[in-house]
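Every number for a ligand or one of its atoms is a count from 1 in the order of the listing. Note that the numbering runs from 1 along the sequence shown for the chain. The analysis underlying the following values was restricted to heavy atoms, covering all of them including side chains, and did not include hydrogens, waters or symmetry mates.
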Amino acid sequence: MPTMMPPTLHLPLLDATTADLFFQRLLAEGNWRQYQLNLYGRTVTEPRLIDWAGAVTYRYSGRVLEPRPLSPLLCSLREQVERTLGMRFNHVLINRYRDGNDYMGWHRDNEPELGSDPTIASLSLGQARPFQMRTLAKTDPHEWLLESGSLFVMQPGCQRYWQHQLPKRALSRIPGERINLTFRQVQT
Ligand SMILES: O=C(O)CCC(=O)C(=O)O
Ligand SMILES: [Fe+2]
């Protein structure tokens, strides 16, 4: 049976020193919020903190993320990502995982506002963490280690035919904090 791989790119974008500098500055400047979600009638606390910025409203996971200007720091990161990929992005969703207990379960980024088959560019800063993808048939996941400063790109096909997750891990393996920025193009 042939092994299918999702159409992704994984490349180094920032050196370790620069990545750490951006990590520290984002930690300090972020407007971090931990949300409560309503899951089948139960209220659960989301196992991570989030922040965002973008020129347009983005309806994400049952909430409305109002437009917010990108800080100079976020503009500079977006510019590096756009220059590297030759693409434009008008929104950035920022996830902060305090340690291995924080995670994001299996999902697709398939909100209608992202268009039918988007490219999503994901920049990792801080603690390296495994990231997994599996087909909709839930076949064995592929796994990558997303290191600080690396850019992981989910190209068209990924949100249509694959799910992804950032799994929970023992604190002994994942003691540190990670920030992830996902650059998206929200349709207007
Ligand atoms: O933290 C990550 O690497 C994944 C984040 C993600 O999947 C998302 O924001 O939709
Ligand atoms: Fe996602």
Student: Is the closest N or O pair between Tyr60 and ligand 1 shorter than 3.5 Å?
Tutor: no

Student: Any heavy atom of Arg108 sitting closer than 4.0 Å to ligand 1?
Tutor: no

Student: Out of all atoms in ligand 1, which are within 4.0 Å of some heavy atom of Asn180? Include the element for each.
Tutor: 1 (O), 2 (C), 3 (O), 4 (C), 5 (C)

Student: Aromatic contact between Phe152 and Trp144, with the criterion being ring centroids under 6.0 Å apart: yes or no?
Tutor: yes

Student: As an exercise, identify every atom of ligand 1 less than 4.0 angstrom from a heavy atom of Asp109.
Tutor: 10 (O)

Student: Only heavy atoms of His164, strictly under 4.0 Å: list the atoms of ligand 1 that pass.
Tutor: 7 (O)

Student: Does ligand 1 have any atom sitting under 4.0 Å from a heavy atom of His107?
Tutor: yes

Student: What is the ring orientation for Tyr58 with His91, classed by angle as parallel under 30°, tilted 30 to 60°, or perpendicular over 60°?
Tutor: perpendicular

Student: Looking only at heavy atoms, what is the nearest atom pair of His142 and Trp162, with distance?
Tutor: CD2-CZ3, 3.8 Å

Student: Can you name the closest pair of heavy atoms from Val56 and Pro67 and give their distance?
Tutor: C-CG, 3.8 Å

Student: Write out the residue and atom name of the closest protein heavy atom to atom 6 (C) of ligand 1, then the distance separating them to 0.1 Å.
Tutor: Met104 SD, 3.5 Å

Student: Before you tell me yes or no, could you show the steps for Leu125 and Leu14 under side chain to side chain contact (heavy atoms under 4.5 Å, CB included), namely the whole-Å CA-CA distance, both residues' side-chain angles and the distance that decides it to 0.1 Å?
Tutor: CA-CA 9 Å; Leu125 301 171; Leu14 308 172; 4.0 Å; yes

Student: Is there a heavy atom of Arg178 sitting under 4.0 angstrom from any atom of ligand 1?
Tutor: yes

Student: Apply side chain to side chain contact (heavy atoms under 4.5 Å, CB included) to the pair Arg98 and Gln34, showing each step before the final yes or no.
Tutor: CA-CA 11 Å; Arg98 291 159 292 184; Gln34 187 171 20; 3.2 Å; yes

Student: Who's the nearest protein heavy-atom neighbour of atom 8 (C) of ligand 1, and how far?
Tutor: Arg184 NH2, 3.3 Å

Student: Out of curiosity, does Leu166 fall in the hydrophobic cluster containing Trp106 (side-chain heavy atoms, cut-off under 4.5 Å, transitive links)?
Tutor: no

Student: Does Tyr97 come within less than 4.0 Å of ligand 1, judged by its heavy atoms?
Tutor: yes

Student: Taking the basic N atoms (NZ, or NE/NH1/NH2) and the acidic carboxylate oxygens, is any pair closer than 4.0 Å for Asp51 and Arg68?
Tutor: yes

Student: Starting from atom 9 (O) of ligand 1, which protein heavy atom do you reach first, and at what distance in Å?
Tutor: Asn95 ND2, 2.9 Å

Student: With heavy atoms of Thr182 as the reference, note each atom of ligand 1 found under 4.0 Å away.
Tutor: 9 (O)

